Amino acid sequence: MKTLVIGLGNPILGDDGVGWRVAEKIRQELDNPQSAICNLQSVEVDCVSLGGLSLMERLTGYERVILIDAISTGKKPLGSVTIFTLDSLPDLTAGHSASAHDTSLRTALKVGRSMNLPLPQDDQVLVVAIEAQSVYDFSQELSPAISAAVPLAVEATLELLRSNQEGE
Amino acid sequence: MQRITIDPITRLEGHGKIEIFLDDAGNVANTYFQIPELRGFERFCVGRPVEELPLLTNRICGVCPEAHHMAGAKAADAVYHVDIPRTAKMLRELLYSAFYVTDHTTHFYALAGPDFVMGPDAPVAERNILGVIHKVGLEIGGKVIQCRKYGHTVVEMIGGRKVHPCTSIPGGLTKGITEEQRKEIEEMGKWAIEFAQFSLKLFSDVVLGNKAYVDLILGDVYTHQTYYMGMVDENNHTNFYDGKVRVVGPDGKEFVKYSPKDYAEHIAEHVEPWTYLKFPYLKKVGWKGFVDGKDSGVYCATPLSRLNAADGMATPRAQEEYDKMYKTLGGKPVHQRLATHWARLIELLYAAERWVELATNPEITSPNFHTIPTEKPTEGVGIVEAPRGTLTHHYWTDERGVVTKVNLIVGTTNNYAPISMSINKAARSLIKQGTVVTEGLLNMVEMAFRAYDPCFGCATHSLPGQMPLEVTIHDADGNPIKVLKQFCE
């Protein structure tokens with residue numbers, strides 16, 4: 001399956017940059033001859049600060065997508081890693097502004113599909129979420145709890161990629 | 001006292017929110033609009049070489065990185081006292097025009113469109129861009145996607161990267177464009193002009209053709225009389241990239257026109273105890289509170305403000321539309337905030353026309369796109385018009401060009417006071433004693449701030465990148481008696 005791994009977030013906004021750090025490790029794994037996922041031809045990695053329509057446009061042409069991002073639910077311990085599919089997230093946007101300027105990724109994917117763009121189905125958009133809190137202070141450093149979660153999120157993502165490989 | 005909270009958050013918690021306080025009788029006692037502040041940017045910048053700032057500042061915000069890149073590059077030019085070559089100015093403005101086309105298109109079709117095409121009280125499931133596409137036609141969606149694609153392509157050609165450009169440096173740009181690229185950009189720009197005209201026609205048919213919408217736009221609920229700010233060229237025509245900042249009064253007469261470097265003489269900031277964000281106002285008028293009128297220093301910096309602050313548009317088709325808008329709405333200035341959506345489309349057409357103008361200028365492919373700075377760096381101000389308002393970057397450096405101090409006034413901040421006033425007035429007008437607070441009614445309150453397209457800084461890169469609305473109504477003792485939520489876990 002043609003798969004895209006995306007580190008999502010703002011690399012200069014503290015723990016919001018965690019998605020980028022995890023994705024960069026995945027990229028290193030792909031380039032590492034010792035790694036089990038080395039040279040997976042069907043996997044690409046990117047780091048972006050996008051949402052809504054722009055993110056949808058970036059997902060065009062892939063069958064499966066893994067989004068790695070910080071999440072602030074306030075209900076889980078900091079650094080908790082959760083995996084879920086996009087279609088299991090409530091679409092919070094029905095009727096209201098999705099972000100101040102855009103629409104939700106789910107709505108954007110529906111828009112793209114209605115234009116016949118080749119996009120992954122919602123259940124093929126997987127989210128690796130890292131519970132974070134310090135996302136309002138400018139910094140290029142992760143806080144200790146989130147930094148400690150990076151290997152967990154990397155392992156979770158690699159597991160998804162390995163299952164991806166076996167499924168082929 | 002009853003309390004209603006409209007909580008347009010993007011991270012499940014902690015983002016901007018609107019709070020409406022009711023008195024014992026059930027009328028609106030007061031409203032507060034809070035925007036969270038991203039902290040520590042100055043501390044983050046100090047000690048870095050100034051040429052890094054156009055790259056760093058474009059990460060402040062996922063919404064308009066191009067605007068921060070441009071303001072940052074202009075400020076860095078000013079720090080080095082370097083006048084960049086004409087071709088460099090044109091290339092930057094060309095990139096910026098393509099960005100404007102993309103940004104304004106997205107706002108109209110994804111945000112304003114649902115309110116006007118579907119209707120403010122349409123069922124929530126339909127009031128989004130998908131509803132617009134289904135109602136107006138599938139081909140609209142294709143055009144929106146095409147338009148965005150063209151915009152991204154131009155930004156990448158000139159800026160080196162999609163969305164987060166990186167080629168503007170002190171003295172100009174790191175690269176130019178080839179004749180082949182120029183031709184491609186020209187063709188895409190011509191398409192963008194047609195698309196902008198199509199969008200204005202759609203607005204004319206759907207909105208102006210519907211008396212209920214025209215009444216909504218012209219009604220008092222969404223009207224405020226304030227000062228208006230916008231950048232103008234030497235002919236007092238709107239310009240997004242360069243020029244002087246002009247401010248007109250509520251009567252439409254010029255109040256001041258200043259060079260970017262003098263901004264601090266004209267703009268001051270007011271502090272309120274209930275929010276960390278400051279409220280900029282006109283220093284020479286003074287802060288008189290959240291009130292309209294000539295004696296209040298509150299100013300507005302939006303697409304409508306830019307058109308109010310200018311004498312016209314620099315391109316012919318946009319000028320025709322400019323004349324039409326002011327004729328239809330009763331002359332200048334227009335105070336009705338919902339007309340901002342119309343003004344945004346006129347700016348869309350101007351940006352597309354400017355795109356083609358610049359792409360067909362023979363100098364655009366010149367290799368003279370950089371001047372090596374030779375002066376000793378000190379301090380400098382760069383101002384551009386971001387889609388959401390006048391954007392000011394001010395940098396100070398030591399003699400090596402290492403940053404010692406930074407001050408930014410970003411687009412939405414300019415409008416913090418007018419947005420707060422608009423929300424207050426809409427809430428007071430729409431929520432009265434005995435009113436049943438429906439979802440549609442709250443959307444009408446939201447429309448008051450949506451016209452400004454306010455920016456919550458990091459809104460787009462968060463997960464799930466969404467903005468639900470939570471409404472809690474408290475009784476006189478503060479107990480929640482009703483909770484309206486967009487989602488349930």
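Below, each value reflects all heavy atoms present in this structure, side chains not excepted, and no hydrogens, waters or symmetry copies. What you see is a predicted model, and the numbers here were worked out from it, not measured in a lab.
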Does any non-hydrogen side-chain atom of A:Met56 lie less than 4.5 Å from one of B:Ile145? yes
Measuring only between side-chain heavy atoms, which start at C-beta, is B:Lys162 closer than 4.5 Å to A:Arg58?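 The answer is no; the side chains never approach within 4.5 Å.
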Residues, nucleotides or ligands: over 12 heavy atoms within 6.0 Å of B:Arg161 CZ: yes
Quick check: are there more than 12 heavy atoms from other residues, nucleotides or ligands sitting under 6.0 Å from CD of A:Glu141?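 No.
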B:Ile129 CD1 to A:Thr107 OG1 distance, which is reported to the nearest 0.5 Å: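 It is 9.0 Å, given to the nearest 0.5 Å.
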Which value, rounded to the nearest 0.5 Å, describes the distance between A:Ile12 atom CD1 and B:Leu55 atom CG?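 Reported to 0.5 Å precision, the distance equals 10.5 Å.
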Give, as side chain, backbone, both or neither, the part of A:Leu55 having an atom under 4.5 angstrom from any heavy atom of chain B. neither
Under 4.5 Å from any heavy atom of chain B - which part of A:Ser114: both
Classify the angle between the aromatic ring planes of A:Phe138 and B:Phe44 as parallel (below 30°), tilted (30 to 60°) or perpendicular (above 60°). tilted
Please give me the minimum heavy-atom distance between A:Ser49 and B:Arg59, naming the atom from each residue.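 Taking every non-hydrogen atom into account, OG-NH1, 3.0 Å.
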Let me know if B:Leu138 has heavy atoms under 4.5 Å from chain A in its side chain, its backbone, both or neither. both
Intermediate values then yes/no, side-chain contact (heavy atoms from CB on, under 4.5 Å), A:Met115 and B:Val144: CA-CA 10 Å; A:Met115 302 302 112; B:Val144 172; over 6 Å; no
